[in-house]
Amino acid sequence: MPYLYKSNHCRLFHSPVTNRTPPSVSHPCELLEEECVASLIQKCPDMRTLRQIHAHFVKSPANSSSFYALSKILAFCALSPSGDLAYARRLFAQIPHPNVFSWNSMIRGSSQLPHPSKEPIFLYKQMLQKGFALPNSFTLAFVLKACSLISAFLEGRQIHCHAFKHGLYSSPFVQTGLLNFYAKCEELVAARLIFDEIPDKNLIAWSAMIGGYARLGLVNAALELFREMQGAGISPDEVTMVSVIQACAKAGALDLGKWVHAFIDRNGIKADLELKTALIDMYAKCGEIDRARKVFDRMEVRDTKAWSSMIVGLAIHGLVKDALELFSRMLESKVRPNHVTFIGVLSACAHSGLVSDGRRFWSIMHELGIEPMMEHYGCMVDLLCRSGLFEEAYSFVNTMPIMPNSVIWRTLLVGCKSNGSLDKAELVAKQLLELEPLSAENYVLVSNLYASSSQWEKVSYMRKKMKDNGVKVVPGCSSIEVDGFLHEFVVGDESHPEIKEIRKVLREITERVRLAGHEPWTSAVLHDVGEEEKEVALCEHSERLAIAFGLLKTKAPVPIRVVKNLRVCSDCHEVTKIISKAYNREIIVRDRVRFHRFVNGVCSCNDFW
DNA sequence: ATAGGGTTAG
């Protein structure tokens with residue numbers, strides 16, 4: 001059907017380029033044979049040249065029925081970094097019965113866009129509906145990748161069925177595709193079932209499974225598999241190591257992270273851009289900002305993510321000056337900052353109350369065409385509140401072009417308290433509880449606020465409201481790393497083998513907390529327990545369990561690391577302060593925003609709340 | 001005939 005290509009010829013070409021020989025392609029083909037098109041495409045540097053190849057191809061009637069050459073042209077447009085997916089789409093639309101190769105090119109091409117969509121999944125559905133081409137192992141691998149990018153669980157599960165239906169399940173590419181898909185959807189049990197079924201697990205399968213555990217911060221599972229992998233005689237590469245390092249970072253497991261770093265050096269694994277960025281992130285998240293900086297300084301090439309991870313790391317450590325200096329250097333080296341970089345920069349400003357700097361960076365961000373996201377608004381609200389500009393923060397939130405989320409309202413609520421704007425507090429609290437009526441921490445925060453102004457009736461009203469709404473307390477969770485193993489503690493969980501000794505130390509801590517004049521009423525609100533159980537409620541708080549464990553095991557004057565606090569309340573910080581002083585130890589507490597380094601009861605963070 | 005699966009910052 002030659003007319004098909006000729007008649008659409010004009011639509012595909014915006015300029016008359018048909019009679020010129022491509023400058024960079026000096027292939028002496030008179031007639032563009034199939035192989036010739038293929039070899040030209042191989043060397044094709046850009047779309048301009050491709051259009052010319054395409055034009056020659058279209059002009060030659062001998063070629064117009066060559067689906068092979070056409071699929072080569074299509075693949076270039078859809079897949080090459082110098083291709084043009086829009087051009088590929090137009091070309092594809094003109095092919096009456098695309099072959100499986102062309103479908104695959106379109107599916108893969110459309111899943112490589114910077115903003116993943118359902119387009120590849122729709123294409124796959126179309127392919128099945130039309131029924132002219134049957135999916136092969138490439139198809140399933142590509143569409144599974146697309147599903148994993150957007151966590152399209154239902155679609156991916158269907159493809160799992162298709163793999164059996166079309167007899168493609170035995171393909172290692174389909175298997176790792178499925179494994180990775182389930183892992184990305186956080187369905188680790190399903191992922192593990194597939195992993196265990198793979199007879200000859202290769203490097204990719206091992207890495208995908210380790211990566212699945214790593215993303216969820218299951219550091220022990222990730223490391224156990226990493227050890228098993230080596231036992232099975234498979235050598236990890238830099239991609240595997242990124243996941244292992246990420247697992248350490250997520251869990252705040254510094255000693256493990258250091259060991260893994262040494263492993264990388266010892267085994268001659270090349271630390272590339274990604275791995276170095278992962279190392280920076282790991283050291284920063286584990287509280288070793290100097291080591292993070294060392295890795296960063298030794299890098300030869302740094303992209304936006306590398307710069308950002310260092311800037312964010314410095315910011316969460318409260319090293320504001322260094323963070324902002326680094327940002328200037330980043331601009332000098334012509335690496336374009338993105339929204340994550342600005343989260344680091346703005347949060348750095350917020351930590352030190354640098355209002356005018358914060359405002360300046362806010363406008364630079366706009367000048368660079370970066371649309372502020374919720375996190376950026378959050379930083380600005382925090383900055384204004386900490387700088388005593390509560391009224392401005394309040395009107396800032398009320399004029400936001402996007403609906404403020406609970407984090408924004410909570411920031412503002414804390415701002416109400418510190419700025420003494422209790423009149424606005426009720427309004428903010430109302431917004432917060434309307435938006436998120438099922439989260440226990442909101443009730444605690446609001447009732448803390450009432451308690452600070454001795455409005456006890458409102459305190460008990462909050463407790464009642466929480467009960468009426470059926471709010472369940474999500475157990476707090478902390479972890480502590482001892483001798484290369486991460487111990488996790490969940491509130492109420494007594495399964496730890498050393499629970500008796502832990503309890504003994506906890507009682508001692510409780511006594512010290514009491515002697516210091518603190519009442520553990522935050523926990524009492526949460527647990528609603530009688531006087532007798534109050535002590536238990538306090539003790540059961542995960543962070544204190546972790547601290548207690550650290551005191552048991554850590555006899556030498558080394559820092560006690562309390563990390564991965566999912567729920568850190570101001571009460572915890574108080575306790576940490578007291579313990580640090582009593583035991584003359586350095587305690588590092590990490591919350592979602594920053595580090596608090598307590599030495600002899602004094603927090604190095606100047607904005608300790 | 002053509003091609004492919006695991007990785008970094010919030």
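Proteins get letters first, then strands, A, B, ... in listed order; numbering begins at 1 in each.
With contacts defined as side-chain heavy-atom distances shorter than 4.5 Å, the pair V242(A)/V239(A) does not qualify. Residues T139(A) and L168(A) form no side-chain contact, since every pair of their non-hydrogen atoms from C-beta on lies 4.5 Å or further apart.
Sequence neighbours left out, the pairs with a member in residues 186-211 of chain A that pass salt bridge (charged side-chain N to carboxylate O under 4.0 Å, His left out) are R192(A)-D196(A).
D281(A) comes within contact range of the sugar-phosphate backbone alone, with a heavy-atom separation under 4.0 Å but no base atom that close. Within the 4.0 angstrom heavy-atom criterion, base atoms lie near T240(A). Within 4.0 Å (heavy atoms only), K276(A) reaches no atom of the nucleic acid at all. Residue-level contact check: I210(A) touches neither bases nor backbone, having no heavy atom under 4.0 Å from any strand. Heavy atoms of K201(A) sit nowhere under 4.0 angstrom from any nucleic acid atom. Residue-level contact check: S347(A) touches neither bases nor backbone, having no heavy atom under 4.0 Å from any strand. Among the protein residues, Q175(A) comes within range of no part of the nucleic acid, since none of its heavy atoms lies under 4.0 Å from any strand. Using a 4.0 Å heavy-atom cutoff across all strands shown, V312(A) reaches sugar-phosphate atoms only and no base atom. Using a 4.0 Å heavy-atom criterion, one finds that S309(A) contacts the sugar-phosphate atoms exclusively. Residue-level contact check: M373(A) touches the bases, meaning some heavy atom is under 4.0 Å from a base atom. Across all strands, R302(A) comes closer than 4.0 Å to no nucleic acid atom at all (heavy-atom distances).
Within 6.0 Å of CD in E325(A) there are more than 12 heavy atoms belonging to other residues, nucleotides or ligands.
In summary, R360(A) and D357(A) engage in a salt bridge, as defined by a charged side-chain N under 4.0 Å from a carboxylate O.
Test F263(A), W206(A), Y213(A) against F226(A) for ring pair (Phe, Tyr, Trp, His ring centres under 6.0 Å) and you get one pass: F263(A).
Under the 30°/60° scheme for interplanar angles, the aromatic rings of H261(A) and Y283(A) are found to be tilted.
The outermost nucleotides of DNA chain B lying under 4.0 Å from heavy atoms of chain A, listed 5' to 3', are dA1(B) to dG10(B).
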